[in-house]
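Below is one structure; the comments refer to it alone.
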Amino acid sequence: MTQVHIDDAVTPAPGPARKSVVDRLFDITARRTTVGREVRGGLTTFVAMAYIVLLNPLILGASADITGAKLSAAQVTTATALAAAVMTILMGLVGNAPLALAAGLGINGIVAFQMAPTMTWPQAFGLVVLEGVCIVLMAVSGIRERIMNAIPAPLKMAITVGIGLYIALVGLVSAGFVTRTPDAAQSTVPVRLGLDGHLDGWPIAVFCFGLLLMTVLMSRKVPGAVLISIAVSTVLAVVLHDGLGVGDWGLTTPTLPSHVVAVPDFGLLGHIDLFGGFASAGALTATIFLFTLVLSGFFDAMGTITSVSAEAGLSKDGRVPRMGRILFVDGAGAIAGGLTGSSPNTVFLESAAGVGEGARTGLASVVTGVLFAATLLFTPIAGIVPAQAAAPALVVIGGMMVAQCRNIPWNDSDYTIPVFLTVALIPFTYSITNGVGAGLIAFVLIKTFKGKWREAGWILTVLALVFTVYFGIDLVKAVL
């Protein structure tokens, strides 16, 4: 008879270690990461993209609506931090992806410089909410993928490049590096360097210093290069203004505030008019604005989600886990941007900085979102950042977007002119809508006259007709 030892009877068989709640919620072990690594990744992403809290008020505050009203910098700062905090935390909890959201650069330019002059701010933010609703509906219905497939990749890249040039131009102009010639109607040179053809003054020197510093830091892949450059340039500007009495800074004077911590100003929260923009700007113009918002947010987010997820090693056979949830949160980000008054929120490419530090799960996004929430108490600090300190970020990020040029098939005659028109007209006319419309019309015409109209497809054909009416709206009104 086989003897059974007491030790054999009471010693339990080894089993899998019990996972913590955080591990089970974010799949920490399954994705071969650690809580510490996720926290570091989330902090790095925040440092890399926190500049948006400073830049968004400058962009939205640089324009007035149809009534001449301008947005409060404190209110926009609060709205920017609030939307980024809520949506980034939601991405972490729902999408479980190391992707952070905030007010999208380029898209906020559409709201500020194209939409606001034709309608009130509540009406503009109402269209932003409608954009988010459209993206959410497309995400859950599958239409989003169908539209994405309809627009050729070269035109998508051209839109990105054009927006990059547009952002860079906005940065150069806001810093005073480039100015409009006073007699531009008679002059052969519509814009010029500085105020009189050459650079002069300490504010411009601060801009140049910030641009060079940011370029060097980013070339050396220093985490938080953008934020570091803005902070250092701001300190320099404060020293020049408060210490040496240097003036002529423009809209924002770099002077130390009387207090650092302040109660957040939620004055923009919920101030929207969903359909008023269609009456103020006209149904067709408002529809084109809505389409442009959807198009810009649509492709920027898709490319960012795909590239960052691949970098994190999350893609399996070209598919990203929980893609449906991620796209849903991205669409909800636009809705949140409209409701808070911060402009559409979308996934930021700077999320790749956190991935580079090892972030692999949504825990990193939760950390980033919590840090954005903490900035709500420090809105007075944003009031000391002059355009000359923040504008270099627009120039550098614009340059990064223009890098898409290398992937455009310039030797393909079907795309050469449509791509060029898209890229050129966006910055030259200060209108993303004009560039997108001209490119689509040219592409459809080329395909049609070459007997390849089926390659354009009915979706692009309809869009080209809509843009044709948009460009000839005055003639259409005269006829009607």
Side-chain angles (χ1 to χ4, degrees), residues 104-107 109-110 113-114 131 134 138 143-170 284-285 287-304 306-307 398-476:
L105 285 172
I107 303 180
I110 300 174
F113 304 115
Q114 301 303 314
E131 174 220 346
C134 289
M138 286 191 293
I143 296 177
R144 187 172 188 178
E145 184 176 357
R146 186 172 181 179
I147 295 178
M148 178 181 175
N149 293 335
I151 298 181
L155 289 184
K156 299 173 190 174
M157 290 181 282
I159 294 170
T160 300
V161 173
I163 292 176
L165 291 173
Y166 177 51
I167 290 174
L169 182 58
V170 169
L284 180 59
T285 300
T287 300
I288 295 299
F289 283 145
L290 181 59
F291 165 74
T292 304
L293 288 174
V294 172
L295 188 68
S296 299
F298 183 98
F299 294 113
D300 284 353
M302 184 66 70
T304 302
T306 302
S307 60
M400 294 169 61
M401 297 173 71
V402 171
Q404 284 288 338
C405 272
R406 68 181 183 275
N407 299 318
I408 296 175
W410 292 104
N411 59 340
D412 189 333
S413 61
D414 286 0
Y415 294 107
T416 304
I417 298 302
V419 165
F420 171 75
L421 289 175
T422 302
V423 171
L425 290 182
I426 288 177
F428 288 169
T429 65
Y430 248 58
S431 171
I432 297 172
T433 303
N434 291 344
V436 172
L440 284 176
I441 291 173
F443 178 73
V444 171
L445 282 177
I446 289 174
K447 287 294 186 181
T448 300
F449 283 99
K450 291 181 72 171
K452 303 178 181 178
W453 62 271
R454 283 189 174 87
E455 293 183 12
W458 69 268
I459 294 178
L460 293 190
T461 301
V462 170
L463 293 178
L465 291 174
V466 170
F467 273 116
T468 300
V469 175
Y470 170 74
F471 286 123
I473 189 64
D474 290 334
L475 178 60
V476 172

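Here the OG1-CG distance, from T468 to L463, works out to 10.5 Å after rounding to the nearest 0.5 Å. Note that OG1 of T285 is 12.5 Å distant from CG of L290, once rounded to the nearest 0.5 Å. To the nearest 0.5 Å, atom OH of residue Y415 and atom CD1 of residue I417 are 14.5 Å apart. We find the CD1-OH distance between I110 and Y166 to be 7.5 Å, quoted to the nearest 0.5 Å. Note that the CD atom of E455 and the OG1 atom of T448 stand 10.5 Å from one another [nearest 0.5 Å].
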Might you work through the side chain to side chain contact (heavy atoms under 4.5 Å, CB included) test for D414 and K452, ending with a clear yes or no?
CA-CA 10 Å; D414 286 0; K452 303 178 181 178; 3.6 Å; yes

Kindly indicate, with the supporting measurements, whether the criterion side chain to side chain contact (heavy atoms under 4.5 Å, CB included) is fulfilled by I426 and L165.
CA-CA 8 Å; I426 288 177; L165 291 173; over 6 Å; no

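Nearest approach of L425 to N434, heavy atoms of both residues: CD1-O, 4.3 Å. The two residues P152 and F443 come nearest to each other via the heavy atoms CG-CZ, 3.5 Å. For I446 against S413, the heavy-atom pair with the smallest separation is CD1-O, 4.1 Å. Scanning all heavy atoms of the two residues, the minimum distance from A158 to V419 falls at CB-CG1, 3.8 Å. The two residues G164 and V402 have their closest heavy-atom pair at C-CG2, 4.1 Å. Nearest heavy-atom pair, I441 versus A464, reported as atom, atom and distance to 0.1 Å: CG1-O, 3.6 Å.
By the neighbour-count criterion of 12 heavy atoms within 6.0 Å, atom CZ of F113 is densely surrounded, having more than that number from other residues, nucleotides or ligands.
In this structure a side-chain-to-backbone donor-acceptor pair under 3.5 Å is present from T416 to W410.
A 4.5 Å side-chain heavy-atom check between V294 and M138 finds at least one atom pair inside the cut-off. Within the 4.5 Å cutoff, no side-chain heavy atoms of N407 are placed close to those of C405.
When each of L440, I159, V161 is tested with T422 by the rule side chain to side chain contact (heavy atoms under 4.5 Å, CB included), just one qualifies, namely I159.
Relative ring orientation between F291 and F467 is described as perpendicular, the plane-to-plane angle rising above 60° on a 0-90° scale split at 30° and 60°.
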